[in-house]
J.: 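Here it is, the structure in full.
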Amino acid sequence: MDYAVARQRMVAEQLVRRGITHSGVLRAMAKVHRHLFVEEALWGRAYGNCSLPIGEKQTISQPFMVALIAEALELEEDQRVLEIGTGSGYQTAILMELGAKVYSIERNRTLALRAQRRLESLGYHHAWIRVGDGSVGWKEKAPFDAIVVSAGAPTIPAPLVEQLAENGRLVVPVGQLQNQVLKKGTKRGASIHWADLGNCVFVKLIGQQGWKG
Ligand code: SAM
């Protein structure tokens, strides 16, 4: 299989055709080798528009969702991003390709270590990955220019709103276990303006500000 061709096809057919226009995001999605973030038996499916298992009952997110989120974060070079749910590290790599300084929290130690090793081996040396409950954010490193939650929350986690910088963007799937709405909040002074980006299905956010296990 020619993975470079598969990536170009993924970008054209799943991203551009569905409305992703951000050139940096499209470049990053064409560049990062998604197949290297899943086990070898799944490489042939890595450029389809689906989530795939990554072990520990978790999944790597759908390429379209990763691109939609990355676009919605409106990142500029060197901005500080908090990612909750490192998973395979694929989205971390995309955010780093966009020039972001990424702080990432994963509650599952095995996945966090695996993602850290993988990112290092692929040349992404400056991701700060921590094991813990990301639903409460990372207070010591706040404020963040952008925060992305890669797991479905029952309600908007208040600490994440607090940890946003002025004009900061928070993207988070909110709703029921099998059906959420991807929400984008932009902080303006004491208030936050919300927009809906569409329906989605993410694995659950487990933690103090998420589901209870
Ligand atoms: N975007 C990731 C990728 O590209 O591989 C996939 C993320 S996966 C859909 C969701 C991840 O969120 C899982 O790895 C899960 O263990 C993690 N997670 C769930 N609740 C969490 C929490 N409270 N804090 C940190 N990570 C959490």
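Read the numbers this way: they start at 1 and go in the same order the structure lists the ligands and their atoms.
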J.: Tell me the protein heavy atom at minimum distance from atom 6 (C) of ligand 1, and give that distance in Å.
T.: Thr59 O, 3.3 Å

J.: Which is it for Val66 and ligand 1 at heavy atoms under 4.0 Å: side chain, backbone, both or neither?
T.: neither

J.: Is a donor on one side and an acceptor on the other found under 3.5 Å between the side chain of Gln180 and the backbone of Val203?
T.: no

J.: Of all the non-hydrogen atoms in the protein, which one sits nearest to atom 5 (O) of ligand 1, and at what distance?
T.: Ser88 OG, 2.6 Å

J.: Who gets closest to atom 21 (C) of ligand 1 by heavy atom: Arg107, Lys57, Gln62?
T.: Arg107

J.: Tell me: protein heavy atom nearest atom 2 (C) of ligand 1, and distance?
T.: Thr86 O, 3.6 Å

J.: Determine, stepwise, if the pair Gln209 / Ser135 fulfils side chain to side chain donor-acceptor pair (under 3.5 Å).
T.: CA-CA 5 Å; Gln209 301 287 322; Ser135 75; over 6 Å; no

J.: What atoms in ligand 1 come closer than 4.0 Å to a heavy atom of Ile105?
T.: 25 (C), 26 (N)

J.: Indicate, with yes or no, if the rings of Tyr47 and His35 have centres closer together than 6.0 Å.
T.: yes

J.: Give the atom numbers and elements of ligand 1 that come within less than 4.0 Å of a heavy atom of Val203.
T.: 9 (C), 10 (C)

J.: Are Thr186 and Arg188 close enough that some pair of their side-chain heavy atoms sits under 4.5 Å apart?
T.: yes

J.: Apply the side-chain contact (heavy atoms from CB on, under 4.5 Å) test between Phe37 and each candidate in Leu52, Ile54, Leu119, Thr92; give the one that qualifies.
T.: Leu119

J.: Give the residue, atom name and distance (to 0.1 Å) of the protein heavy atom nearest atom 12 (O) of ligand 1.
T.: Gly85 CA, 3.2 Å

J.: What is the nearest protein non-hydrogen atom to atom 14 (O) of ligand 1, stated with its residue, atom name and distance?
T.: Glu106 OE1, 2.7 Å

J.: Looking only at protein heavy atoms, which one is nearest to atom 20 (N) of ligand 1, and how far off is it?
T.: Ile206 N, 3.0 Å

J.: Run the numbers for me: atoms of ligand 1, each under 4.0 Å from some heavy atom of Ser150, listed by number.
T.: 1 (N), 7 (C), 8 (S), 9 (C), 10 (C)

J.: Take Arg169 and Asp145 through the salt bridge (charged side-chain N to carboxylate O under 4.0 Å, His left out) test and state the conclusion after the steps.
T.: CA-CA 6 Å; Arg169 290 79 60 198; Asp145 299 298; 5.5 Å; no

J.: Could you tell me whether a side-chain N or O of His22 sits under 3.5 Å from a main-chain N or O of Val25, the two making a donor and an acceptor?
T.: yes

J.: Judging by distance only, is a nitrogen or oxygen of Asn108 under 3.5 angstrom from one on ligand 1?
T.: no

J.: Hey, are Glu97 and Lys31 close enough for a salt bridge, meaning a charged N less than 4.0 Å from a carboxylate O?
T.: yes

J.: Who's the nearest protein heavy-atom neighbour of atom 13 (C) of ligand 1, and how far?
T.: Gln58 OE1, 3.3 Å

J.: Under 4.0 Å, heavy atoms only, figure out whether ligand 1 is touched by the backbone of Ile60, its side chain, both or neither.
T.: both

J.: Would the number of heavy atoms belonging to other residues, nucleotides or ligands and lying under 6.0 Å from NE2 of His126 be above 12?
T.: no

J.: Name the option, out of Arg109, Gln91, Arg130, that contains the heavy atom nearest to atom 4 (O) of ligand 1.
T.: Gln91

J.: Check Glu56 against ligand 1 and report side chain, backbone, both or neither, counting heavy atoms closer than 4.0 Å.
T.: neither

J.: Is Gly134 in polar range of ligand 1, meaning some N or O pair under 3.5 Å apart?
T.: yes

J.: Yes or no on side-chain contact (heavy atoms from CB on, under 4.5 Å) for Ile60 and Arg34, after CA distance, side-chain angles and deciding distance?
T.: CA-CA 9 Å; Ile60 183 173; Arg34 187 174 188 253; 3.6 Å; yes

J.: Check whether Lys184 reaches the backbone of Ala72 with its side chain - one donor and one acceptor, N or O, closer than 3.5 Å.
T.: yes

J.: Which atoms from ligand 1 have a heavy atom of Leu205 less than 4.0 Å away?
T.: 20 (N), 21 (C), 22 (C), 23 (N)

J.: Under 4.0 Å from any heavy atom of Ser135, which atoms of ligand 1 are there?
T.: 23 (N)

J.: Give yes or no for whether the N/O distance cutoff of 3.5 Å, strictly under, is met between Glu83 and ligand 1.
T.: no

J.: Do you see a donor-acceptor pair shorter than 3.5 Å between the side chains of Glu83 and Ser150?
T.: no

J.: Please list the nearest protein heavy atom to atom 19 (C) of ligand 1 with its residue and the distance rounded to 0.1 Å.
T.: Lys204 O, 3.5 Å

J.: Is a side-chain N or O of Lys187 found less than 3.5 angstrom from the main chain of Leu164, in a donor-acceptor match?
T.: yes

J.: Contact between ligand 1 and Gly132 is defined here as a heavy atom of the residue under 4.0 Å from a ligand atom; is it met?
T.: yes

